[in-house]
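Working notes for the structure below.
These numbers come from a predicted model, not from an experiment. Letters A, B, ... mirror the listed sequences (proteins, then strands); counts begin at 1.
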There are 2 protein chains.
Amino acid sequence: MKNNVTMRDIADQLGVSSVTVSKALNDKEGVSEELKLKIKNLAEELGYRYNAAAKSMKEGLSYNIGVVIPERFTGINQSFYLNVYQSITRILEKQGYYGILHILSSEDERNLVLPRIYYERKVDGFIVLGQTSKEYIEKIQGIEFPKVFLDFYDEHADIDSVITDNFYGSYEITNYLIQTGHRDIAYVGNLHSTSSIQDRFLGYYKSLLEHRIILKQEHILNDRDEKGTYIDIDLPDQLPTAFVCNCDQVAHNLVLKLKSRGINVPEDCSVVGFDNDIYATITDPTLTTVEVDVEEMAQNAVKFVIEKVKNSEKSFGRVLVKSNIVYRESVKPPKNKVK
Amino acid sequence: MKNNVTMRDIADQLGVSSVTVSKALNDKEGVSEELKLKIKNLAEELGYRYNAAAKSMKEGLSYNIGVVIPERFTGINQSFYLNVYQSITRILEKQGYYGILHILSSEDERNLVLPRIYYERKVDGFIVLGQTSKEYIEKIQGIEFPKVFLDFYDEHADIDSVITDNFYGSYEITNYLIQTGHRDIAYVGNLHSTSSIQDRFLGYYKSLLEHRIILKQEHILNDRDEKGTYIDIDLPDQLPTAFVCNCDQVAHNLVLKLKSRGINVPEDCSVVGFDNDIYATITDPTLTTVEVDVEEMAQNAVKFVIEKVKNSEKSFGRVLVKSNIVYRESVKPPKNKVK
DNA sequence: CTGAAAGCGCTTACAG
DNA sequence: CTGAAAGCGCTTACAG
């Protein structure tokens, strides 16, 4: 490593102490303006680069935050969380922090092994992005370390999590379907897979209840197995007039399936999604869906971890981020209602 | 910060020196097996966590690699590079390195400001993922710092880059179209946008040349403006029987456009893409395309930066990664050829 | 306004 | 096999 200019070098060349250089470069008081300028100029000239590692040593802080994403939420078809990660990174950087991505392998998740970045003090805290197994959540909860769960939560009230308002989002989009004239509405999603899917189901159910529509068991359609792998959706014999899907990707799959059976969307039946991710606009017809406010979620998560790094006593509980409906082409009144 | 157990603490409790603890924990020789075990056990018990910052200080190395992606290649519709980043991260981690993502804002790119991770020595090298402006390439080239360009290159032969074999990939998929019976083949892409698009065009052109097919200017269709924003594709009056698109996303857009004109793919005309990303399988019909070997590219890039970190003299030049054709549904013989 | 001293937690090179 | 010393580059707290 050459070009290894240190504060000391600058100090020596100027005949001052490194303390003074440190103060000047950090714009702290205790150095005359004149000297400060001289120091800054020389630093520039010499190509001085600050050594963050020294600061880390001194403060015991890495100024890195680990973003942990379970493997199954990554990959070519699961770009949603990577996009959230990207937002997190950008927000982190504004605050002088950096995000280190850790893909949690299914193996590590099963064996309850924590990310190496934890054991090496490479990060000051975690943002866990995407639901892990119950056991793993507990494992992470068990360590005394700043952490925020993003986009999921679990029964323990004492964990800090930032989530979309799944319940009301789903409630409202179901209301919208009902207002459009639908009463035969199915829900697509595995109720025991993640907290999000479950809450979205309950929002849908609330809407039915309020409108005195009876929930039929055969209107709850499973979309994935316990591992989260998508399975073929079993359509009921009596086709509902509308489907509330737990996410856009599943809505996309459903539309394909319906089409293959010669059923047109939205003419023959309506479909709505959730997330407003790439699948919402890529599907033909484009999907009416619930938009998740990724930026707001990332912002909260970042704010919370950083505050917890600074003060480990802080706690935030479950924080909901508002969502809103994006209207596109996949909804029409049911056929028999059209005059 | 509590739970701040150091090697020193372990040493004190055991009545040995911290040097011995360091050796034991790092499995170096010079400590009796018995003592080593005792030290390791105590470390475990005390919840000791290694302090990577101290090592960084000592060695002047952060063990982080910065992955720089220009802003315009990110976002909800551009998941390809984020996926590459994810591969990079995983490979990096196996070697004890960590990836720090830096989204290069268009503003910073224009003003030629380098990522802050550079000025703070937060990283030991860069992987630049995605083509930046010529000026920015030169700016980065100008600093004495390990760097590898991934998925693009420029005229300067002395830069290390890992790229897909765009030329031959495109050449071969065009050959395939010709073998299928097509002779009226258009290319879709802005020839002056990136090195990849240009090389893919040239591969297509080589195939035409070899088959004595004359390249018509009206068969080169622009797909984006100088900023990389997609524009509406202008179809020629005389529709070709096949289209070679510079990437899957553009192929996807083209298929939608053709469909909206009542032209069926692949019955009325064939379309091929490049990348084999999410758009390849999401398009209806699924796209025959050239698969980019993301894993292999990431592997090379990581290997090269790390070697350059260790020995700044190393250089690798342009390294091509083989691609191969994935056959799906978007190609059929041209109509008039079908008996 | 300026600086000497001490320390953050580890490792290397050397001595015993 | 074990350890005292020095040092990585910075900052904090204190003294002048």
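For the residue pair A:R318 and A:E155, the shortest heavy atom distance occurs at NH1-O, 4.5 Å. When all heavy atoms of A:T89 and B:L101 are compared, the pair lying nearest together is CG2-O, 3.3 Å.
Residue B:L46 contributes atom CG, which lies 14 Å from atom P of C:dG9 at whole-angstrom precision. Rounded to whole Å, atom C1' of D:dG7 lies 12 Å from atom CZ of A:R8. Straight-line distance from the CZ atom of A:R121 to the C1' atom of C:dC10: 12 Å, rounded to whole Å. One atom, CD of B:E120, and another, C1' of D:dC10, lie 14 Å apart when rounded to the nearest Å. Atom OH in A:Y63 sits about 11 Å away from atom P in D:dT11, given to the nearest Å. As a whole-Å value, the separation of B:L14 CG from D:dG3 P is 10 Å. Residue B:K122 contributes atom NZ, which lies 17 Å from atom P of D:dG9 at whole-angstrom precision. Going from atom CD of B:E59 over to atom P of C:dC10 covers 13 Å, rounded to whole Å.
Ranked by how close their nearest DNA chain C nucleotide is to the 5' end, B:K55 and B:K23 are led by B:K55. Between B:K58 and A:V21, the one whose closest nucleotide on DNA chain D sits nearer the 5' end is B:K58.
Looking at heavy-atom distances under 4.0 Å, B:K28 makes contact with sugar-phosphate atoms alone, never a base.
Among the nucleotides D:dT2, C:dT2, C:dG9, the one closest to any side-chain atom of A:V31 is C:dT2. Listed candidates were C:dA4, D:dC10, C:dC10. Nearest to the side chain of B:A54 is C:dC10. Taking every side-chain heavy atom of A:M7 into account, D:dT11 is the closest of D:dT11, C:dC10, D:dG9.
With A:D124 contributing its side chain and A:S62 its backbone, the two residues share a donor-acceptor pair below 3.5 Å. Of the possible donor and acceptor atoms, one in the side chain of A:R121 sits under 3.5 Å from a partner among the backbone N and O of B:R49.
When each of A:V302, A:I100, A:V305, A:N64 is checked for a side-chain contact (heavy atoms from CB on, under 4.5 Å) with A:L92, only A:V302 meets the rule. With A:S106 as the partner, the side-chain hydrogen bond (donor to acceptor under 3.5 Å, both in side chains) test is satisfied by one option alone out of A:E71, A:K227, A:R72: A:E71.
In this structure, A:T6 does not reach the D:dG9 phosphate: none of its side-chain N or O atoms is under 4.0 Å from OP1 or OP2. Side-chain N/O atoms of B:S22 include one lying less than 4.0 angstrom from OP1 or OP2 on C:dT11. The shortest distance between the side-chain N/O atoms of A:N4 and the OP1/OP2 oxygens of D:dG9 is below 4.0 Å. For the OP1/OP2 pair of C:dC8 and a distance below 4.0 Å, the side-chain nitrogens and oxygens of B:N51 include no atom meeting the criterion. For B:T20, a side-chain nitrogen or oxygen approaches OP1 or OP2 of D:dG3 to under 4.0 Å. Listed pair A:S32 / C:dT2 meets the phosphate criterion, a side-chain N or O lying under 4.0 Å from OP1 or OP2.
The base-pairing partner of C:dA13, taking Watson-Crick or G-U wobble contacts with both distances under 3.5 Å, does not exist among the strands shown.
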